[in-house]
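Below is one structure, written out as structure tokens, with a few remarks after it.
Naming convention: chains lettered A, B, ... in sequence-line order (proteins, then strands); numbering from 1 in each chain. On a predicted model such as this, the values are computed, not experimentally measured, just so you know.
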There are 2 protein chains.
Amino acid sequence: METTYPVEDKVGSMLQKGGEHFHPGLSVDCVIFGFHDNQLKVLLLKMKHADKWALPGGFVYKEEDVEHAAVRVLESRTGLSDIFLRQYHTFGAPARSDRKLNRELLESVGMEPHEGHWFLQRFITVGYYALVDFSSAVPRPDEISEACAWWDLQEIPLLTMDHNHILQKALETLRKQLNDQPIGYNLLPEKFTMPELQRLYETILGKRLDRRNFQRKMLGYGILNRLEERKQGVAHKAPFLYSFNQERYGAALQDGLQQGW
Amino acid sequence: METTYPVEDKVGSMLQKGGEHFHPGLSVDCVIFGFHDNQLKVLLLKMKHADKWALPGGFVYKEEDVEHAAVRVLESRTGLSDIFLRQYHTFGAPARSDRKLNRELLESVGMEPHEGHWFLQRFITVGYYALVDFSSAVPRPDEISEACAWWDLQEIPLLTMDHNHILQKALETLRKQLNDQPIGYNLLPEKFTMPELQRLYETILGKRLDRRNFQRKMLGYGILNRLEERKQGVAHKAPFLYSFNQERYGAALQDGLQQGW
DNA sequence: TCAAAAGTGTTTTTTCTACACCCATGC
DNA sequence: GCATGGGTGTAGAAAAAACACTTTTGA
């Protein structure tokens, strides 16, 4: 089922016509995680007419599935489709909307910020987090932003509105996901080494793990295929390459890994 | 911070004035769990002018925190405040709104279902689940419903719209909660026996557990106080009574019980 | 007095934890 | 040749699973 939605060609027309096209007072925000240089990265946007960075987000068309809106944001910012995306929380505090900021944005594009303008209403936002392969994702700013870039999780600046909070909550959810679901398929390249997978886990958890116990536990999940080849051109002993067993990985995502009861 | 919101005195005025007071296209639905007779129960409403039962839900006032709306629904249906409430998912499929049903409802109260009426728009709903003490909760229907009652989880009928789906998802979330957080404080009376707590777990999980291993594990969490007294007037050997250690229970909710990594 | 439910403990199995040793590679 | 990272195995501790005996009570 393919549906076409109007495209915002520029800030002005979006802000002007938004009220007609979008579901009122509703947005989605995506925390897009990538992994590179043994660091967890997050994709951030720098909006025009704003001095702070923000999470990539967007509005939901009137008859669009909310999740579809998140997929759309994701695809337009990274060029990737068919990736891991999960809704984790909806942020509904009235104070989270920064009317002053939005009013200034309206004025900056020469629009009259009249009372009742759709963009000046209070917004509820549905938070999604995504796991993407850093090397295949190509960050691209949209019409209303001047930059789009990966940020190291350790160096996240003060973001707009409540976006630091939204990001923090995504990270907590991701950490919990490790406890009953596998992670890696979407964050690592097709072929990867066990140490690389371990770095990923360590980065998400923020602590170091024992090399041998990690390998045993991970192999015990039965979701990995060890390939014949080893990683080329590395210092020291060449580690084996692995890939995920699609079927078993999917089943593990579905059924969970270890259940306490 | 106490805020007063307009009260819907009856269906007509709510449907008529709703557009002025409520955040457009947004609702909350609550899956209220109780435990009685060794059975997990859910509180359902029977709406006037409708033949199906529904989850208790409501709309969100324009400047009201979404969570506050859920608390409001909960309090008005059960008479309880300060209970366990958790947001678990937001349902945003366009097809979930049953316009036909709402149109009929409008007509049934003598209102013109004109195009663009707020009640005929597509709705996003934020799902919350609550755990309440069955014996202190007093089910009370609101102005727009003719009945409010506890239903056995095994006997849930076909509900309105996507409410069966919303309920199912709440149950899944509740099951997962058992794996890293304690449950019971809100579902059981102040004093309870170990077998009662075990029945609760068994009911949620849908499977039987070993009596002795359950007790060992549960005591190991260190969240229980064993009281001096035993349950009175029961057949067979009288079991000890327990209560939850508030401080430790709260800490366990906060920090989690067992973390896989 | 006996069936049913509850309290407590023990054995076995499995999993987790903490290590030690050898191998390959680049400098 | 040696420091660094990677592959593999093993002993001890801890947790989970399986199971048995005794006590209390109402019918």
Side-chain angles (χ1 to χ4, degrees), chain A residues 37-39 178-180 182 184 188-189 191-203 205 207-243 252 255-261, chain B residues 37-39 178-182 184 188-189 191-203 205-243 252 255-261:
Chain A
D37 274 344
N38 287 342
Q39 289 291 337
L178 288 192
N179 287 330
D180 58 40
L188 296 172
K191 300 173 180 180
F192 55 90
T193 69
M194 189 64 76
E196 282 165 359
L197 183 58
Q198 183 179 341
R199 299 288 167 273
L200 171 59
Y201 271 70
E202 290 178 335
T203 307
L205 292 167
K207 67 176 180 187
R208 307 229 49 179
L209 301 170
D210 182 275
R211 192 163 55 90
R212 297 148 282 191
N213 295 337
F214 177 83
Q215 164 151 315
R216 180 171 323 120
K217 187 162 179 170
M218 195 55 68
L219 290 177
Y221 290 157
I223 57 173
L224 294 179
N225 297 323
R226 178 191 273 195
L227 307 178
E228 295 299 316
E229 33 180 348
R230 287 165 182 263
K231 181 126 181 166
Q232 301 289 326
V234 289
H236 318 302
K237 187 170 183 175
F240 283 105
L241 285 171
Y242 291 84
S243 68
D255 309 333
L257 288 173
Q258 69 231 347
Q259 54 271 44
W261 299 95
Chain B
D37 273 345
N38 286 342
Q39 288 292 337
L178 287 192
N179 288 331
D180 58 40
Q181 289 184 316
L188 296 172
K191 300 173 180 180
F192 54 91
T193 68
M194 189 63 77
E196 281 165 359
L197 183 58
Q198 185 178 339
R199 299 288 168 272
L200 171 60
Y201 270 69
E202 289 178 336
T203 307
L205 292 167
K207 68 176 180 187
R208 307 230 49 179
L209 301 170
D210 182 274
R211 196 162 53 90
R212 297 149 282 193
N213 294 337
F214 177 83
Q215 165 151 314
R216 188 186 349 251
K217 187 162 177 170
M218 194 54 69
L219 290 177
Y221 289 157
I223 56 173
L224 294 180
N225 297 324
R226 179 192 272 196
L227 308 178
E228 293 299 315
E229 33 180 347
R230 287 165 181 263
K231 181 124 181 169
Q232 301 289 326
V234 288
H236 319 302
K237 187 170 183 175
F240 282 105
L241 284 171
Y242 291 84
S243 68
D255 309 334
L257 289 173
Q258 69 232 348
Q259 54 270 47
W261 299 94

Legend entry - Length of the CZ-C1' vector between F192(A) and dG6(D), whole Å: 16 Å
Legend entry - Presence of donor-acceptor pair under 3.5 Å, side chain of R216(A) and base of dT10(D): yes
Inset, instruction - Can you check whether any acceptor in the base of dA4(C) is under 3.5 Å from a donor in the side chain of H236(B), or vice versa? - result: yes
Inset, instruction - Can you tell me the distance, in whole Å, between the CD atom of Q198(B) and the P atom of dG7(C)? - result: 10 Å
Legend entry - Pair of N/O donor and acceptor under 3.5 Å linking dA24(C) base with R230(A) side chain: no
Legend entry - Parallel, tilted or perpendicular: rings of F214(B) and W261(A) (30°, 60°): tilted
Legend entry - Distance below 4.0 Å between R226(B) side-chain N/O and dT8(C) OP1 or OP2: yes
Legend entry - Atom-to-atom span, OH of Y242(B) to P of dA6(C) - whole angstrom: 12 Å
Legend entry - Protein-nucleotide distance (K231(A), atom NZ; dT4(D), atom C1'), rounded to Å: 17 Å
Inset, instruction - Starting from P on dG5(D), measure out to CG on N38(A) and report it in whole angstrom. - result: 11 Å
Inset, instruction - Answer whether the closest heavy-atom distance between the side chains of R226(B) and L219(B) falls below 4.5 Å. - result: no
Legend entry - Candidate nucleotides dA18(C), dG7(D), dT8(C), ranked by approach to the side chain of P239(A) - the nearest: dG7(D)
Legend entry - Selected nucleotide, minimal atom distance to N213(A) side chain, candidates dG7(C), dA6(C), dC19(C): dC19(C)
Legend entry - Distance, rounded to the nearest Å, where Q258(B) contributes CD and dC16(C) contributes P: 11 Å
Legend entry - Any donor-acceptor N/O pair under 3.5 Å between dA20(D) base and R212(B) side chain: yes
Inset, instruction - Starting at atom CE of M218(B), determine the distance to atom P of dA17(D), rounded to an integer number of angstrom. - result: 13 Å
Legend entry - Closest heavy-atom pair and its distance - K191(B), L227(B): CG-CD1, 3.7 Å
Inset, instruction - Using atom CG of D210(B) as one end and atom P of dT13(C) as the other, report the distance to the nearest whole Å. - result: 17 Å
Legend entry - Toward the 5' end of DNA chain D, by each residue's nearest nucleotide, G233(B) or K237(B): K237(B)
Inset, instruction - Could you tell me whether the side chain of R211(A) has a donor or acceptor atom within less than 3.5 Å of a complementary atom in the base of dG7(D)? - result: yes
Inset, instruction - Evaluate the side-chain proximity of E202(B) to K207(B): yes if any heavy-atom separation is below 4.5 Å, no if none is. - result: no
Inset, instruction - Examine distances only and state if a side-chain atom of Q258(B) and a backbone atom of N179(B) form a donor-acceptor pair shorter than 3.5 Å. - result: yes
